[in-house]
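Worksheet for the structure shown next.
Just follow the structure's listing: the first ligand is 1, and inside any ligand the first atom is 1. Heavy-atom basis, side chains included; hydrogens, waters and symmetry copies ignored.
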Amino acid sequence: MKAFYAEEQKRHDPRAFLSSGAPQPNPEKPERIERLLAGARSAGLTVERPRNHGLGPIAAVHTPEYLDFLEHIFTRWQRIEGASAEVIPNIHPTARNGSYPASAVGQAGYHMADTACPISAETWNSALWSAWSAVEAAEAVMAGAPSAYALCRPPGHHAFADVAGGFCFINNSAVAAQVLRRQAARVAILDVDLHHGNGTQGIFYARPDVLTVSLHADPVRFYPFFWGHANERGEGPGLGYNLNLPLPRKSGDAAFLEALATAFQRIRAFAPDALVVALGLDAFEGDPFGGLSVTTPGFSRIGEAIAGLGLPTVIVQEGGYLCDALGDNLTAFLTSFGGKQR
Ligand SMILES: [Zn+2]
């Protein structure tokens, strides 16, 4: 299996982060890349640099207004006297159908869901290359590879069509799915990150051609709070094409695998031509977010089970934060996935 990753993805180095109101170091650190690269290499993957794919595949799932904001907001922010070194919002609209502000502060509040996605001079470029890694992996699968791994960082699944959030700017899993749609009539996205894939759900919520399924810690008391509940099933033509499987906090391997079996039942009934796995590794018992209790052998079983679907698969890196086993968990997933793949 090939892995795709570009050096530019390391340059985004967010500082600001609030945890229950308290300033903390931002956990989405460039060092994650070193650990994940080592994990991918240990699983026998060869790492290649993606090509520059331009804005086209990204603009297919994000609004032009939002992409223009992401590209230019840092420069605009620096012109504000006394502004912070990173773009951080301090006011948000209560609804999305009000007026669109001209000011940088107003637009930051409109396009950023929270304070966990500060924008610096390098953010746009790193996010572009992260998305291009996803595009390259999707194109590799369309060219006949049974699977490919995109080492996407910054991650993407909390990014909506026009909103950043939770360390995410461009929704890499959604970009990959939309690229696959050039050949595949139906694409399923299976999100196994600790957190609900709210941005991915939002992008495809009204569409019947992309099934979105997410396993995650129950958002009733966990980020992203407002999305990820079992009653969110899609809308309009997309009604019945979104499945959320919230799990009680600290659930371990058995509960996760049981929910995965439910996810597979829905995915098989959808009969997709291709699959995107939004691979967060933060459901790990030792992850700093501590939401679920999946073990390292658990990630092997998850990888093996997903491979059993027998679908052309693009694996897109989402969350998973610095802890001793981060690389090992990726190795465990990729080794068992590759070993079991038909
Ligand atoms: Zn996560």
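- Between the side chains of His196 and Asn198, no donor-acceptor pair of N or O atoms lies under 3.5 Å.
- Atom ND1 is the N/O/S atom of His195 found closest to the Zn ion (ligand 1).
- Ring orientation note: the planes of Tyr223 and His195 are nearly perpendicular, at an angle over 60° on the 30°/60° scale.
- Below 30°, between 30° and 60°, or above 60°: for Phe289 and Phe17 the angle between ring planes is above 60°, a perpendicular geometry.
- Ala138 meets the side-chain contact (heavy atoms from CB on, under 4.5 Å) test with Ala176, Val179, Leu180, Val314; sequence neighbours excluded.
- For Asp193, the N, O or S atom with the smallest separation from the Zn ion (ligand 1) is OD1.
- Shortest distance from the Zn ion (ligand 1) to Asp282 is reached at OD2 (N/O/S atoms only).
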